[in-house]
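Below: the structure, in structure tokens.
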Amino acid sequence: MGVVYLKTREEIEKIRISSLLVGETLAEVAKIIEPGITTSELDKRAEEFIRDSKAIPAFKGYRGFPSSLCISVNEAVVHGLPGKYVLQEGDIISVDCGILKDGWYGDSAYTFGIGEIKPEVQKLLDVTKQSLYEGIKMAIAGMRIGDISFAVQQHAERNGFGVVRELVGHGIGRNLHEEPDVANYGRRGTGGKCQEGMVIAIEPMINMGTKNVFTKDDRWTVVTSDGKPSAHFEHTVCIMKGKADILSSFASIEEVVNSRKVTV
Ligand code: MG
Ligand code: MG
């Protein structure tokens, strides 16, 4: 285990600025998500918005990753590469974004449905997002990291879904990835102690079918072994006494998503 950095009030506010900017970026992307657009067009829009905001897309160049967003379509779990793929009605896409501003990182992800999606796929999205919030409820001083992991796993598995083991959440701050690892499965009362000022990214990756995944030949895209869809939601969260402080936000994203749901 490496060092867990506890953040000061001032540092937490800097991480909040970066994390909220991630939410604003994902909201900008949400505005143009529709059948017929390519994933590289979404990535281009995100990068423009981030740079216009005097910030740096954290994923671009990270271990050689070529893009500002990870865009993972349908059976892709995470780390999908933006490219020529044209979004189709009924697809789901996880859009994951990291931003560096003023020396501090923010990280958040949201899974969008493209047009009408099947009810069982909508349930996967709802359960995955709720499993994130179940984990956040445990992100309070005095609990253990395993309590967060257990809460995420419990909610997903209770609904019959598979919890990815190979990829985990993480500490975040001066670095995109810091200690501790925050797995989406685990046992209550195990792992490191949650301390006030610890900032972590909690990010359930939940599969409709098997929990098993593999990495494609592009050496990035992680996909489900059975080809069934996978969802991913992520918040950057500060552990506090009594209640976690969620530093990122889905509010702007969901404002866009809800305003684009046209009822006839
Ligand atoms: Mg992320
Ligand atoms: Mg992350």
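Because the structure is a prediction, the values reported are computed rather than measured. Both counts, for ligands and for their atoms, begin at 1 and track the order of listing.
- Here the N, O or S atom of Glu234 that is nearest to the Mg ion (ligand 2) is OE2.
- Partner Glu47 forms a salt bridge (Lys or Arg N to Asp or Glu O under 4.0 Å) with one of Arg51, Arg45, Lys44 and no other, that one being Arg51.
- The name of the N, O or S atom in Glu203 nearest to the Mg ion (ligand 2) is OE2.
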Exercise. Give the intermediate values and the outcome of side-chain hydrogen bond (donor to acceptor under 3.5 Å, both in side chains) for residues Asp107 and His177.
Key: CA-CA 10 Å; Asp107 189 7; His177 296 118; 4.8 Å; no

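- Distances from the Mg ion (ligand 2) to each N, O or S atom of His170 single out NE2 as the nearest.
- Side chain to side chain, Asp126 and Gln130 fail the donor-acceptor criterion of an N or O pair below 3.5 Å.
- Taking the charged nitrogens against the carboxylate oxygens, Arg188 and Asp147 have no contact shorter than 4.0 Å, which rules out a salt bridge.
- Metal site remark for the Mg ion (ligand 2): Asp96 contributes no N, O or S atom at a distance under 2.8 Å.
- A 4.5 Å side-chain heavy-atom check between Val127 and Phe161 finds at least one atom pair inside the cut-off.
- Among the heteroatoms counted here (N, O or S) of Asp107, OD1 is the one nearest to the Mg ion (ligand 1).
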